[in-house]
Amino acid sequence: MHEVTLEHLKRDGRIVVVGASLAGLRAAETIRDKGFTGSLTMIGDEPYEPYDRPPLSKGVLLGKSTAERTALPRRRAIDAEWRLGVPAVGLDMAARRVTLADGDEVPYDRLLIATGVRARPWPNAAEGELDGVFVLRTRDDGSALARRLDARPSRVLVIGAGFTGSEIASACRERGLEVTVAERGDAPLVGALGGVIGAVSAELQREHGVDLRTGVMVTRLEGDSTGRVRAAHFSDGTTLDCDVVVVSLGAQRNTEWLRGSGLGAGPRGIACDAGCRAFDIRGIVTDDIYVAGDVARSPHPLFGYQFLSLEHWGNAVSQAETAAHNMLSVSSDRRPHIWVPAFWSSQFGVNIKSVGVPSMGSEIMITQGSRAERRFTGVYGYQGRVIGAVTFDNGRWLQFYQQQIESTAPFPVPFPTVDRRSDGHRPVPADFPDPSVPTHGPTITLSGYSPADRRMTFTPAGH
């Protein structure tokens with residue numbers, strides 16, 4: 001882009017942000033910080049201004065906060081036109097226009113797509129509509145579920161033991177509610193952290209009174225004559241009476257509105273380059289469309305330039321800031337988004353943190369502490385190098401292992417570390433499930449090398 005047109009863009013241009021959540025807000029703030037004085041439009045499918053999602057499965061469910069109090073703090077005024085409660089339904093790349101559900105068309109010079117993910121619904125729509133069946137993703141979801149837990153249900157069933165499902169189960173136990181967790185994998189968190197750590201998580205849940213059932217699927221939800229959920233049927237032939245069911249089967253990326261647009265978007269996200277510029281379906285990078293947050297798939301140099309999709313809070317912030325910077329920069333000033341994945345969860349009294357991409361690891365080594373004490377560091381290796389780490393109540397080690405990942409340090413970890421116990425002398429298989437068997441899934445998805453896999457555009461809905 002020529003300097004002159006860049007100055008014109010900054011002064012009089014039109015920037016549209018689709019997705020009014022964490023990534024969208026942080027990008028908008030950065031756009032204004034960079035001296036953009038043109039028109040800025042924020043489009044969001046929910047009626048609320050940007051709010052924070054992690055508290056929904058933590059403080060809100062515990063009754064320590066309300067969903068209405070989760071608004072994201074503002075770093076600065078962004079002087080935007082807010083189009084809330086009206087989702088985007090189409091994109092015309094040639095005309096540079098976004099179409100809204102109410103028929104309006106919003107023109108842009110630069111577009112940022114930050115539409116994120118939504119909760120995967122229960123596959124049987126009629127059962128999913130039963131009174132007492134919930135998902136947890138939005139502010140409204142959090143309010144409704146918290147109200148139902150306040151009413152002291154006799155038993156809660158959580159379907160799926162990923163991070164969110166496990167946090168919901170933890171909140172139920174902290175409230176003194178009976179809770180059953182059904183997980184088709186061998187253990188909780190197994191898709192994200194592997195079987196070695198999953199086994200620790202399973203013990204933790206059972207010690208806290210969770211009725212944890214692994215290796216089973218819920219085949220049917222049953223309602224009573226008034227339309228309220230009353231029982232769940234399992235693949236092992238058993239039935240469970242329950243009056244609240246929380247479906248926690250992972251996320252779906254919000255890309256359907258881009259079908260037919262020519263953008264490289266599909267069920268695995270929107271492909272973009274390291275500078276957050278979106279690819280079209282021919283693998284050609286666009287100069288005016290950028291992507292950030294959970295919906296993005298971008299190549300990462302530390303992980304073999306595989307395309308990563310990250311459902312992480314910190315990644316959304318970092319990627320949004322990078323996209324906003326690059327959108328208003330000449331090509332020589334653009335920078336790559338190379339944030340090292342990092343994630344945390346609080347459940348059953350334990351603070352779990354991870355860094356890197358544990359799900360790429362083939363082996364794991366306990367380098368500090370011990371699993372028996374629920375206070376340890378596990379380091380993941382892949383092809384002779386450190387690829388990820390996880391800590392249970394041992395977060396002070398994470399920064400050290402982040403540096404190991406960034407410097408592609410060798411694995412097994414060669415140095416004698418302090419506080420190493422008997423279970424850390426040698427690596428063991430990390431025991432991740434067969435990726436072809438669906439589980440709740442990791443929070444990081446490796447999705448190959450092609451920036452414009454044609455299947456991404458032509459996959460029918462629901463496949």
Side-chain H-bond candidate by donor/acceptor type, His337 with Asn315, under 3.5 Å: yes
Is there a donor-acceptor pair under 3.5 Å between the side chain of Gln368 and the backbone N or O of Phe376? no
Can you tell whether the side chains of Arg76 and Asp33 come within less than 4.0 Å, N to carboxylate O? yes
Asp52 atom CG: more than 12 heavy-atom contacts under 6.0 Å: yes
Classify the side-chain pair Gln399/Gln403 by whether it contains a donor and acceptor separated by less than 3.5 Å. no
Are any side-chain N or O atoms of Arg32 and backbone N or O atoms of Asp79, one a donor and one an acceptor, separated by less than 3.5 Å? yes
For the pair Phe343 and His312, name the ring-plane relationship: parallel under 30°, tilted 30 to 60°, perpendicular over 60°. tilted
Worked verdict on Asp393 versus Arg375 for salt bridge (Lys or Arg N to Asp or Glu O under 4.0 Å): CA-CA 5 Å; Asp393 279 346; Arg375 186 183 181 91; 5.2 Å; no
Taking all atoms of both residues into account, what is the closest heavy-atom pair of Gly293 and Ala23, and its distance? CA-CB, 4.2 Å
Regarding Glu167 and Ser346, do their side chains bring together a donor and an acceptor under 3.5 Å, going by distance alone? no
With no hydrogens and no angle check, is any side-chain donor or acceptor of Thr377 less than 3.5 Å from a backbone partner on Leu398? no
Is it true that a side-chain atom of Thr115 and a backbone atom of Asn254 form a donor plus acceptor pair closer than 3.5 Å? yes
Between Trp313 and Pro54, is any pair of side-chain heavy atoms under 4.5 Å apart? yes
Checking side chain to side chain contact (heavy atoms under 4.5 Å, CB included) for the pair Ile270/Thr255: CA distance, chi angles, key distance, verdict? CA-CA 7 Å; Ile270 303 167; Thr255 58; 3.9 Å; yes
For Phe400 and Trp397, take the angle between the two ring planes, folded into 0 to 90°, and tell me which bin it lands in: parallel under 30, tilted 30 to 60, perpendicular over 60. perpendicular
Side-chain donor-acceptor pair under 3.5 Å between Tyr401 and Thr367, yes or no? yes
Do the side chain of Arg137 and the main chain of Val117 share a donor and acceptor less than 3.5 angstrom apart? yes
Kindly say whether Thr30 contributes a backbone atom to a donor-acceptor pair with the side chain of His325 at under 3.5 angstrom? no
Return yes if some donor-acceptor pair links the side-chain N/O of Asp280 with the main-chain N/O of Leu263 below 3.5 Å, else return no. no
Pairing residues for Phe348 by the ring pair (Phe, Tyr, Trp, His ring centres under 6.0 Å) criterion, not counting sequence neighbours: His208
Give a yes or no on whether a salt bridge exists between Glu256 and Arg118, defined as a side-chain N under 4.0 angstrom from a carboxylate O. yes
Check the side chains of Gln205 and Ser166 for a donor-acceptor pair under 3.5 angstrom, ignoring hydrogens and angles. yes
I'd like to know if the side chain of Ser143 reaches the main chain of Arg139, judged simply by a donor and an acceptor atom lying under 3.5 Å from each other, with no hydrogens or angles considered. yes
Locate the shortest heavy-atom distance separating Ala146 from Arg175; write the atom from each residue and the value. O-NH2, 3.9 Å
What do the steps show when you test His300 against Leu302 for side chain to side chain contact (heavy atoms under 4.5 Å, CB included), and what is the final call? CA-CA 6 Å; His300 202 302; Leu302 278 178; 3.6 Å; yes
Looking only at heavy atoms, which two atoms of Gly185 and Val190 are closest? And how far apart? CA-CG1, 4.4 Å
Salt bridge (Lys or Arg N to Asp or Glu O under 4.0 Å) between Arg277 and Asp273: does it pass, once the steps are laid out? CA-CA 5 Å; Arg277 294 180 300 171; Asp273 72 1; 2.9 Å; yes
Would you confirm whether Glu29, through its side chain, and Arg75, through its main-chain N or O, come within 3.5 Å as a donor-acceptor pair? yes
Ignoring hydrogens and angles, tell me if any N or O in the side chain of Glu46 forms a donor-acceptor pair with the backbone of Tyr48 under 3.5 Å. no
